[in-house]
Amino acid sequence: MLRDFVGKRRHCPFKGQNDAHHASYKRFRRRIIQRSSSEGPAASTPLSNGRQCEPGFELDAVCQRLELDSPQRHHEPAHRGQEGKPEATLAGGESHCSTVMRLNTPLVIHAKGRPIRENAPEQQTDGSDDTISNDLQPFAILNKASVSLQGKSVMKLAAPSLLNDYYSNLLDCSCNGMIALALGSSVYLWNSETHTLVGYFNPSPQPGRSCRQTLSSISSLCWSRDGRVLCIGTRRGEIQLWDVEHTQNMRCLSSHLSVVRAFSWKQQLLSSGSVLGHIHHHDPRAPAPLVGSAVQQEGLCSLQWSPGNEWLASGSADGLLHIWDSDITGLHQPLTTMKQPSAVKAMGWCPWQRKTIATGGGWKDRELRIWDTQSGICVTSADTNSQICSLQWEEKKRCLVTGHGLPHHHITRWDWDFPSLSPYYHLTGHSHRVLHLALNPDGTQIISAGADQCIHIWDI
């Protein structure tokens, strides 16, 4: 629009008209800047909005479909135009092998810059920048406590170049205590029992892709329930299954054509969700692995099967929480749909209370809610006064743990004695929002990864 306006101004035959156009443009530009600076950003959406939209305008969904919260363009050349197309259902899959690289010598990552912060209002409150140096080795020990104290982290580790993306899922801990962390286009494996970096690997692209497309930023990962298979999703829609014990890529599934946002396992069945709202169910053992699908109208940002595998919960960027039955065949509608004012990214089923699920709200919501999925009613809630980025249930202590953004970037342990929900204590140590949470196998420690590019291990 600016180019057309300037072009017209150049062809003005009179100087007075030219000056009038120039003055009008300066006033227009000044008003736009003033209006943008006076409005607050939408915290859990990919963009900061200058003007508040009408209630009927689904901003989160539009931003998700346009992928405005993705990394810088040089990470994904020549493929960005494909993400806006409707997603196809592809049944085939390619398989190829590769090996995990063992860390016999120290590895140093040299990153060109920090992850961009486009999808949340992460602003420094004191003008400082506490993100770590990108020259550090992943999982390098930054601080280790000699005595375990409540409220203090046991260990602080480096996570250089960890993507600051509210919608990604880049950290998970297996039932064997193996922590997987995605940094850019690489996955690092760290043993939480021995406190050693086991190895790392770079998921290679599908055969036939050009050399310019060899690196694709990882958007999600998830361990299988037996801890033997690690599935990885990329921003190009690729899904790779890795047998970590035998250090090989088992299979590459060509299923999605947009960003893979989340995974969840149901025994041998792998469910995946994309930014376009497509949910695909895969049986990696089958020649044609795609065995079922479902579609929600909104961009998906969380996905989880219930502990008993009876229901599947999917959270959307529009604030909708859908509950699906266990029938994965055919086209069907969700059993129940619940609504909250912001994206349903932080979400988790209660392990000991059947049909109960918790969700965390974004910056414009900030509520922690407990839902009865059968009736669709919120049974209890609590105002956290901050963005909720991540959420985990701990079964042995019967508690709930949440990771937060502004203003304090803290972790909170909640005690839930139905219907009462109350904070037990806060854990502080991150200088930016706590994007990811994971529990160790015995539930005694929680692992957090933040936008400050640090990992903390806490005793709970």
Test of understanding: with ring-ring contact (aromatic ring centres under 6.0 Å, His included), list the residues that count as partners of His456, not counting sequence neighbours. His430, Trp458
Report the residues that fulfil side-chain hydrogen bond (donor to acceptor under 3.5 Å, both in side chains) with Gln353, sequence neighbours left out, ordered by chain and then residue number. none
Suppose we screen for ring-ring contact (aromatic ring centres under 6.0 Å, His included). Which residues come up paired with Trp393, at least two apart in sequence or across chains? Trp352, Trp416
Holding to salt bridge (charged side-chain N to carboxylate O under 4.0 Å, His left out), I want the full list of residues that pass it with Asp226, two or more places apart in sequence or in another chain. none
Residue list, side-chain contact (heavy atoms from CB on, under 4.5 Å) with Ser314, at least two apart or on another chain: Ile279, Gln296, Leu300, Leu303, His322, Trp324
What salt bridge (charged side-chain N to carboxylate O under 4.0 Å, His left out) pairs are there with at least one residue in residues 365-393, not counting sequence neighbours? Asp365-Arg369
List the residues meeting side-chain hydrogen bond (donor to acceptor under 3.5 Å, both in side chains) with Ser326, not counting sequence neighbours, and say none if there are none. none
Applying ring-ring contact (aromatic ring centres under 6.0 Å, His included) to Phe139 and not counting sequence neighbours gives Trp190
With sequence neighbours left out, what residues match Asp415 under side-chain hydrogen bond (donor to acceptor under 3.5 Å, both in side chains)? none
For residues 301-315, which residue pairs pass the salt bridge (charged side-chain N to carboxylate O under 4.0 Å, His left out) check, not counting sequence neighbours? Glu310-Arg354
Residues that Thr194 engages under side-chain hydrogen bond (donor to acceptor under 3.5 Å, both in side chains), provided they are two or more places apart: Thr196
Only counting residues at least two apart or in another chain, list the ones meeting ring-ring contact (aromatic ring centres under 6.0 Å, His included) with His404. His410
